[in-house]
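Written out below as structure tokens is the structure these notes cover.
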Amino acid sequence: MTTLAPGRRNGDGGAARAGAASGAGTGTPTGARTGTPTGAGAGSPAGVGALLRGWREERRVSQLELALRADSSARHISFVETGRAKPSEEFVLKLAEHLDVPVRERNALLLAAGYAPRFPQTPLDDPAMGALRAGVEQLLQGYEPYPALVVDAAYQVLAANRGIAMLLDGLPEHLLAPPLNAMRVVLHPEGLAPRIRNLREWRGHLLHQMERQIALQRSPALRALYEEVAAYPVGDPGEDAAADGQVPHFALPLRIEHEGRVLSFVSSISTFNTPMDVTVAELAIETLLPADPATVKYLQTKG
């Protein structure tokens, strides 16, 4: 099984690997970042005010609405945004929370306001991350034979279990070499795309997911990845075959061929609640749950 430690290969020789990581680096994810503020605006009320205004407008929240959420006044929000008032450290964090600013960018806001970053970015191979690594690896292993993986904010695969290695079996080496990127390996015409029976639907779902994350994270790396995978050719509509038999209605299934069988999964993504570290904030655990009894039976025989 692939571990969360950087650069280690799957212990059983499977295709899934931990690369130099996404999403959205290994222990230093490359997702949501706009860089540290520099120049005259750094550490000044005007600098943080412009950043806060940008986040507020991007979230389509009025000054009054933000003031009500933050137990403040529209006048004070206006003064902060124009640099007429210097916000306290706690007020910067309160506004960031109500604007759903990513943890990485909250550090940028604090720096722009003249405060020290609040949230560390601890490499995943750091001893302090030992409990997290062990817990996540136990979760992935316990989920077998069903597929599960961990990605960062740029969809770089940091860990995966044998279920994922099974699905990736037979793919070309250039797609599996570190850093393995989940979006690239799924949508690439030499990757899993030709095996996905409902490719157009699944591709649309993944691209829409990336669009939402780009809006949240302002990540140039994620936008570049989106533009790359969105430009991949798609097969003829006839290849997006309808499901044979009953299709679950509670979620869009991923229908993928493996060794002559069509397996059906629904996807669930989990993140950490109230993360206090940039690395942890950018981790996501995706599990593929069998969507029909035939898939359950097949995976159990393979496990």
Side-chain angles (χ1 to χ4, degrees), residues 1-32 103-104 119-169 171 173 175-186 192 209 213 254 256 258 263 265-290 295-296 298-303:
M1 168 180 155
T2 299
T3 72
L4 287 167
R8 295 185 182 177
R9 183 168 176 167
N10 188 339
D12 61 7
R17 296 174 176 82
S22 192
T26 49
T28 49
T30 59
V103 170
R104 180 189 295 275
F119 306 98
Q121 184 173 351
T122 310
L124 280 172
D125 58 352
D126 190 285
M129 290 290 202
L132 181 143
R133 290 196 308 273
V136 171
E137 290 171 9
Q138 184 177 13
L139 186 154
L140 296 181
Q141 190 171 18
Y143 199 69
E144 293 174 350
Y146 307 148
L149 71 162
V150 181
V151 298
D152 67 11
Y155 293 99
Q156 304 288 8
V157 178
L158 304 180
N161 66 7
R162 289 182 296 174
I164 292 292
M166 178 195 75
L167 294 179
L168 300 183
D169 186 43
L171 294 187
E173 183 65 24
L175 288 177
L176 301 177
L180 175 63
N181 186 278
M183 286 294 181
R184 186 175 291 118
V185 80
V186 170
L192 293 179
Q209 176 179 309
Q213 288 190 265
L254 165 66
I256 184 169
H258 184 265
L263 307 181
F265 300 96
V266 290
S267 171
S268 174
I269 298 177
S270 303
T271 57
F272 289 89
N273 186 42
T274 318
M276 303 300 293
D277 187 285
V278 173
T279 300
V280 177
E282 295 179 353
L283 294 180
I285 303 170
E286 181 168 11
T287 54
L288 297 179
L289 179 70
T295 300
V296 173
Y298 179 76
L299 291 176
Q300 288 177 345
T301 61
K302 301 294 285 188

Compare every heavy atom of [Y] with every heavy atom of [X], then report the nearest pair and how far apart it is.
X	Y	answer
Leu140	Ala160	CD1-N, 4.1 Å
Ala148	Thr287	CB-CG2, 3.9 Å
Asn161	Pro147	OD1-CA, 3.6 Å
Ile285	Val150	CG1-CG2, 4.1 Å
Lys302	His258	CE-CE1, 4.3 Å

Min side-chain heavy-atom separation [X]-[Y] under 4.5 Å:
X	Y	value
Leu192	Leu168	yes
Leu283	Phe272	yes
Val280	Met276	no
Leu158	Val136	no

Between [X] (side chain only) and [Y] (backbone N and O only), is there a donor and an acceptor less than 3.5 Å apart?
X	Y	result
Arg133	Leu124	yes
Tyr143	Leu288	yes
Thr279	Thr122	yes
Glu144	Arg162	yes

Kindly compute the distance separating [atom1] ([X]) from [atom2] ([Y]), expressed to the nearest 0.5 Å.
X	Y	atom1	atom2	result
Leu299	Leu167	CG	CG	8.0 Å
Ile269	Glu286	CD1	CD	4.5 Å
Gln300	Thr295	CD	OG1	11.0 Å

